[in-house]
Peer 1: 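I'd like to ask some things about the structure below.
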Amino acid sequence: MEEKYLPQDIESKWQTFWQEGKTFETTVNRKLPEYYVLEMFPYPSGNLHMGHVRNYSIGDVLARFKTMQGFNVLHPMGWDAFGMPAENAAIKNAIHPAAWTAENISNMRRQLKELGFSYDWDREVATCLPDYYRWTQWLFLLFFKKGLAYKKKATVNWCNECNTVLANEQVIDGCCWRCESMVIKKELEQWFLKITDYADRLLADLKELPGWPERVKTMQENWIGRSEGAEFSFSVPELDEKIPVYTTRHDTAFGVSYVVLAPEHPLVERIIAGREEEEAVRAFVDRMRNLSEISRTATDVEKEGLFTGAYAVNPFNNERVPIWVANYVLADYGTGAVMGVPAHDERDWQFADKYHLPKRLVIQQPEGGLSIETMTGAYHDPGTIVNSGEFTGLDNETGKVAMAKWLEERGIGKRRINYRLRDWLISRQRYWGAPIPIIYCPKCGVVPVSEQELPVKLPENVRFDSGSVSPLANVADFVNCQCPVCGEQARRETDTMDTFICSSWYYMRYTDPKNTTLPFDADKANYWMPVDQYIGGIEHAILHLLYSRFFTKVLQDAGLVNVNEPFKNLLTQGMVIKDGAKMSKSKGNVVSPEEIVGKYGADTARLFILFAAPPERDLEWSDQGVEGAYRFLGRLWRIIAHYESVLSDPKAREQYDPETLTQEEKDLRRILHITIKKVTDDVGGRFNFNTAISAVMELVNALYAFRDHVTAPKPGLIYELVSSLLRLLAPFVPHVTEELWGAVIGDGSVHKQPWPVYNSEATKVSEVEVVVQVNGKVREKLVVAVDIDANELENKAMKMERIAQLIEGKKVVKVICVPGKLVNIVVK
RNA sequence: GCCGAAGUGGCGGAAUUGGCAGACGCAGCAGACUCAAAAUCUGCCGUCAGCGAUGGCGUGCCGGUUCGAGUCCGGCCUUCGGCACCA
């Protein structure tokens, strides 16, 4: 073998070897346990960044490790290939999005291959190709037929920069998730998916996901936002109208001193019509409507409102209370109207203070003594109901049940479970997405494209001007069509689907990527699904992960797959940081993976990234750390080169009796087996690749020390050690281990070898070092037989010179003996 | 405001079940090799006091439990992330 480690020479050689030998091809094999490891597929922006390298290195270690452990591993890769940047490039550089995307994919595919990831490339998918989006459209039709896709006019989030609408999940702090510009409200007719129908299951089934990080589940829980309460109506006798309100505190209904409508509430116009307040209220409503999302919803915005001039009647006590309009009531939560109970709601308290509205105490704290006059804020804790007619005297939780029952018996209200989650707005006024397969016929109305007509292909000759309608609307050939029902001239939907739809089912397509009759075959999907380990960034905690869970449930209900949840275990990897900030072009702290691979090779890049921090934490980039990883591989190479001749000795491959080893050899073998155990536990159990690698480094250090002391080692031991060492490292640094395996061990690819098994006999020791403490402080160390009994250990410790000195003249209160660990002598 | 995570040497991090704090790596210092340098191999490397043996202090802060606490309990502080007028 070469004397020096030269990654450039060996990496491309093995990449070609793996590709040509289809080393990582996978098929259904029911004789083996299956394992599906998946990393979030990338958007083909053109180049891999370090975050990708980290994400995919983590997945690759797992895939290779599980394969060596005897699992049938599915480890695919593909492209989340529809999306805005392609279209922006088209506007800017006059290149077609399809061509731009294809170029980027081929560049990034090359970069992935140069990193040596073990993907089954035969399963590659790209969501922008007709043979993929055909099935995205097919799934849309499935949703449509099940009543889960519908069109409605609604106030929606609009991004002026991206010229399109956005789903609620895609608005972050009032700004567009992609371009960070301010989101405004628009009234538009759009397509929605009825994710709210699944709100309860999406919430409840989080309990079926013990393998997900707690914080991701909490974020989804918050997002779904379930609350239990009641809905009932206040009547407006003079208009013969009703104002339904939703509340979780119907136990405080006798404390209502006003009713508030959201500015956008549909009844506002009727209520103010013809009153002297009309003009002022309308001006207020208009002002609120034109405010951005942030300035409307920030908590520090002062509550503001106006009296409408009208009154409503509280069904509980028949009291007349004023109807107000205020900025703090949200139009699209609950009923868009709330009852104001200043004494027991902090917001109502503030509002009542500002506008001098009355307050009435209806819940008394358990110890009594509360009164409006002495209160400085609302009381929202449990207590006893007061001033509430027949309900007075009940504790408030009992009161809630009784009052809900009261409403239900009279048919004027009911218990209600409410969610914060809204339906998923999926229309996008953009070209580069999957067309929504719908036709509008003047006679038949909204008509789905028939399945046989799919895919509805994107036309190629399109002008990309930035504007507020989809470029598809200007393509006459695309828009004009015939109604599939009556054959009349009809018009095609010109919006495309949110790209999050494409990524909501790709993990199932991987199980059967070339199917031309269905999105995927149920047998194949059921064999592989769910994904055993999913790996990606925390930024998708809600977006992609919630949508995918929703899709999986709908597909399960449709009988297409028999899993309830798509991702059994989820690992959210941390960011790659440099100089304390996330790598980004604007900060100028980007390190290009291609450069690192070019200089040190893929193995070094992977090793550094896996060693520098555990996967979940942020990783601080360090050029010197990369040097260190490279140095280690050189060190590995040299020590194996040192033993090349020993390994070529035919005796090296013969079985040997461990009893014939010298003490130094036994010690080395013990370190080997401890390392095998540690690496196996760290990689397979808790994904602490950093500590697994450090254990292997210690083994290599031990081997260097051994080399300096033992000139004629037993060849069988060296063989056992090197062959195990290479297999332990193979998932992390696949090229150099493949090369060394071929050079000194032989027999096929290291990646087809079984994972080393640790031998507990080999890890046993006859003597251990025990710590001797006096009053909990380490004062001495003692080497004793492992199986020494406690009394003898205690005696030995007490007799040690230093210990005897330290305890002389003092009273021994207690002696604690932990066999194999320590002796603690407590003295006074 | 609510929920969650984290806080350990000069730095990244380790300590998995309450039992030697700082594994492994980086940086630094020294030695060997060399005409020399690089590379490599070896050793040292929390902090204060001491020539040294050794001792004191030390895991964000204050307290507690325990023979023994980075780890458990109570109360804070700081940083980061999520949600945030959701009735």
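Throughout, a chain's letter reflects where its sequence line sits, starting with A, and its residues are numbered from 1. What's counted below: heavy atoms across the whole structure, side chains too, no hydrogens, waters or symmetry copies.
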Peer 1: Quick one: label Gly628(A) by what it contacts on the DNA or RNA (base, sugar-phosphate, nothing), any heavy atom closer than 4.0 Å.
Peer 2: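 Since only primed, P, OP1 and OP2 atoms lie under 4.0 Å of Gly628(A), the category is sugar-phosphate.
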
Peer 1: Do any side-chain nitrogens or oxygens of Lys777(A) fall under 4.0 Å of OP1 or OP2 in G19(B)?
Peer 2: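 Looking at the OP1 and OP2 atoms of G19(B), neither is under 4.0 Å from any side-chain N or O of Lys777(A).
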
Peer 1: In sequence, state the C-alpha distance, the side-chain angles, and the governing distance for Val321(A) and Phe234(A), and then conclude on side-chain contact (heavy atoms from CB on, under 4.5 Å).
Peer 2: CA-CA 9 Å; Val321(A) 292; Phe234(A) 282 70; 4.2 Å; yes

Peer 1: Quick one: is G55(B) close enough that its OP1 or OP2 comes under 4.0 Å of any side-chain N or O from Arg779(A)?
Peer 2: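 Yes, such a contact exists.
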
Peer 1: Could you check whether any side-chain N or O of Asp603(A) sits under 3.5 Å from a backbone N or O of Val736(A), counting only pairs where one atom can act as donor and the other as acceptor?
Peer 2: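 Here the side-chain-to-backbone pair exists.
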
Peer 1: Round to a whole Å and report the spacing from CD of Glu169(A) to P of G82(B).
Peer 2: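 Roughly 16 Å, once rounded to whole Å.
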
Peer 1: Measure CZ/Phe611(A) against P/A14(B) and give the value in whole Å, please.
Peer 2: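 Rounded to whole Å, this separation is 10 Å.
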
Peer 1: On RNA chain B, check which nucleotide each of Trp223(A) and Val338(A) is closest to and give me the residue with the more 5' one.
Peer 2: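 With Trp223(A) and Val338(A) compared, the 5'-side residue is Trp223(A).
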
Peer 1: Over all strands shown, is Gln773(A) touching base, sugar-phosphate only, or nothing at heavy-atom distances under 4.0 angstrom?
Peer 2: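 Base contact.
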
Peer 1: Strictly below 4.0 Å: does Arg802(A) bring a side-chain N or O up to OP1 or OP2 of G55(B)?
Peer 2: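 Checking Arg802(A) against G55(B): at least one side-chain N or O falls below 4.0 Å of OP1 or OP2.
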
Peer 1: Write down the distance separating the P atoms in G58(B) and U47(B), rounded off to the nearest Å.
Peer 2: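 So the two P atoms sit 16 Å from each other.
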
Peer 1: Are more than 12 heavy atoms from other residues, nucleotides or ligands located less than 6.0 Å from atom CZ of Arg420(A)?
Peer 2: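 Atom CZ in Arg420(A) is packed in, count exceeds 12.
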
Peer 1: Considering only U40(B), C85(B), G19(B), which nucleotide approaches the side chain of Arg638(A) most closely?
Peer 2: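 Closest nucleotide to the Arg638(A) side chain: U40(B).
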
Peer 1: Determine the Euclidean distance between corresponding C1' atoms of A21(B) and G9(B); express it in Å to zero decimal places.
Peer 2: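 11 Å, rounded to whole Å.
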
Peer 1: Report the base-pairing partner of A5(B) (Watson-Crick or G-U wobble, both distances below 3.5 angstrom), or none.
Peer 2: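 Checking every strand shown, A5(B) finds its partner in U79(B), with both distances under 3.5 Å.
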
Peer 1: Return yes if the base of C20(B) and the side-chain atoms of Lys781(A) contain a donor-acceptor N/O pair under 3.5 Å, otherwise no.
Peer 2: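 Answer yes: a donor N or O sits under 3.5 Å from an acceptor.
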
Peer 1: List the atom of Arg416(A), the atom of Gly334(A), and the distance in Å for their closest heavy-atom pair.
Peer 2: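 Looking at all heavy atoms of both residues, the shortest contact is NH2-O, 3.8 Å.
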
Peer 1: How far, in whole Å, is G56(B) from C3(B) if one measures between their P atoms?
Peer 2: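 That atom pair is separated by 43 Å.
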
Peer 1: Do Glu664(A) and His709(A) come close enough that some side-chain heavy atom pair is under 4.5 Å?
Peer 2: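 When only atoms from C-beta onward are counted, His709(A) and Glu664(A) do touch, with a gap below 4.5 Å.
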
Peer 1: Identify whether any heavy atom of Asp681(A) sits under 4.0 Å from a base atom; if not, whether one sits that close to sugar-phosphate; answer base, sugar-phosphate or nothing.
Peer 2: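 If one applies the 4.0 Å heavy-atom cut-off, Asp681(A) turns out to touch nothing in the nucleic acid.
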
Peer 1: Return whichever of Met339(A) or Ile693(A) has its heavy-atom-nearest nucleotide of RNA chain B closer to the 5' end.
Peer 2: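 Nearer the 5' end of the strand: Ile693(A).
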
Peer 1: Using a cut-off of strictly less than 4.0 Å, decide whether Tyr704(A) has a side-chain nitrogen or oxygen near OP1 or OP2 of C41(B).
Peer 2: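 Checking Tyr704(A) against C41(B): at least one side-chain N or O falls below 4.0 Å of OP1 or OP2.
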
Peer 1: Rounding to a whole Å, what distance do you find between Trp621(A):CH2 and G12(B):P?
Peer 2: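 About 17 Å, once rounded to whole Å.
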
Peer 1: Taking all heavy atoms of Tyr600(A) and all of Pro7(A), pick out the closest pair and write down the distance.
Peer 2: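 Minimum heavy-atom separation between Tyr600(A) and Pro7(A): O-CG, 3.2 Å.
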
Peer 1: Determine yes or no for a side-chain-to-main-chain donor-acceptor pair under 3.5 angstrom, with Glu221(A) supplying the side chain and Leu206(A) the backbone.
Peer 2: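 No: the side chain of Glu221(A) does not pair with the backbone of Leu206(A).
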
Peer 1: Please work out whether the ring planes of Tyr333(A) and Tyr246(A) are parallel, tilted or perpendicular, with thresholds of 30° and 60°.
Peer 2: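 Plane angle over 60°, so perpendicular.
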
Peer 1: Please determine whether any donor N or O and acceptor N or O are separated by less than 3.5 Å between the side chain of Lys303(A) and the base of C85(B).
Peer 2: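 Present.
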
Peer 1: Applying a 3.5 Å limit to both distances, which nucleotide forms a Watson-Crick or G-U wobble pair with G63(B)?
Peer 2: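 The base-pairing partner of G63(B), which may sit in any strand shown, is C73(B).
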
Peer 1: Can you tell me the base-pairing partner of C33(B)? Count Watson-Crick or G-U wobble geometry only, both distances below 3.5 Å, and say none if there is no partner.
Peer 2: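 Pair assignment: C33(B) / none.
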
Peer 1: Determine: side-chain N/O of Arg420(A) to OP1/OP2 of C83(B), distance under 4.0 Å, yes or no.
Peer 2: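 Looking at the OP1 and OP2 atoms of C83(B), neither is under 4.0 Å from any side-chain N or O of Arg420(A).
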
Peer 1: Between atom CZ in Arg215(A) and atom P in C80(B), what is the gap in whole Å?
Peer 2: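 So the two atoms are 15 Å apart, to the nearest Å.
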
Peer 1: With a 3.5 Å limit on both atom pairs, tell me what C45(B) is paired to, counting Watson-Crick and G-U wobble, or say none.
Peer 2: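 In the structure as shown, C45(B) has no Watson-Crick or wobble partner.
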
Peer 1: Within the 4.0 Å heavy-atom criterion, would you say Pro213(A) contacts the bases, only the backbone, or no part of the nucleic acid?
Peer 2: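 The answer is nothing, as Pro213(A) stays clear of every strand by at least 4.0 Å.
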
Peer 1: Does a nitrogen or oxygen in the side chain of Arg686(A) sit under 4.0 Å from OP1 or OP2 of A15(B)?
Peer 2: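 Arg686(A) to A15(B) OP1/OP2: side-chain N or O found under 4.0 Å.
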
Peer 1: If you only use heavy atoms from C-beta on, which nucleotide in G13(B), G81(B), C41(B) is closest to the side chain of Ala613(A)?
Peer 2: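 Looking only at heavy atoms from C-beta outward on Ala613(A), the closest nucleotide is G13(B).
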
Peer 1: Would you mind reading off the distance between Leu619(A) atom CG and G13(B) atom P, rounded to a whole angstrom?
Peer 2: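 Computing the Leu619(A):CG to G13(B):P distance gives 8 Å.
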
Peer 1: Mind checking Ser622(A) for me? I need base, sugar-phosphate or nothing, with any heavy atom below 4.0 Å counting as a touch.
Peer 2: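 Nothing, no nucleic acid heavy atom in range.
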
Peer 1: Contact class for Glu346(A) (heavy atom, under 4.0 Å): base, sugar-phosphate, or nothing?
Peer 2: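 Nothing: the residue Glu346(A), judged by heavy atoms under 4.0 Å, touches no strand.
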
Peer 1: Could you check which of G12(B), C26(B), A15(B) has an atom nearest any side-chain atom of Gln624(A)?
Peer 2: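 Between G12(B), C26(B), A15(B), the one nearest the side chain of Gln624(A) would be C26(B).
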
Peer 1: Which is true for Val778(A) with a 4.0 Å heavy-atom rule: it touches a base, it touches only sugar-phosphate, or it touches nothing?
Peer 2: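 Contact class for Val778(A): sugar-phosphate only.
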
Peer 1: Considering every strand and a 4.0 Å limit on heavy-atom distances, what is the contact class for Asn690(A): base, sugar-phosphate, or nothing?
Peer 2: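 Answer is sugar-phosphate: Asn690(A) comes under 4.0 Å of backbone atoms only.
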
Peer 1: If only side-chain N and O atoms of Asn222(A) are considered, is one of them under 4.0 Å from the OP1 or OP2 phosphate oxygen of G4(B)?
Peer 2: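 Negative; the distance criterion is not met.
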
Peer 1: In whole angstroms, how far is the P atom of G13(B) from the CG atom of Asp682(A)?
Peer 2: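 Whole-Å distance recorded here is 17 Å.
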
Peer 1: Please state whether the phosphate of G68(B), meaning OP1 or OP2, lies under 4.0 angstrom from any side-chain nitrogen or oxygen of Asn775(A).
Peer 2: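 Checking Asn775(A) against G68(B): no side-chain N or O falls below 4.0 Å of OP1 or OP2.
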
Peer 1: For A27(B), give the paired nucleotide (Watson-Crick: N1-N3 plus N6-O4 or O6-N4; G-U: N1-O2 and O6-N3; both under 3.5 Å), or none.
Peer 2: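 Paired with A27(B), as far as the under-3.5 Å criterion goes, is no nucleotide at all.
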
Peer 1: Ignoring backbone atoms, test whether Arg635(A) places a side-chain nitrogen or oxygen under 4.0 Å from the OP1 or OP2 oxygen of U42(B).
Peer 2: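 Checking U42(B) against Arg635(A), a side-chain N or O does come within under 4.0 Å of OP1 or OP2.
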
Peer 1: If you compare every side-chain N and O of Arg617(A) against the phosphate oxygens of G12(B) (OP1, OP2), does one of them come in below 4.0 Å?
Peer 2: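 Answer is no, no contact under 4.0 Å.
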
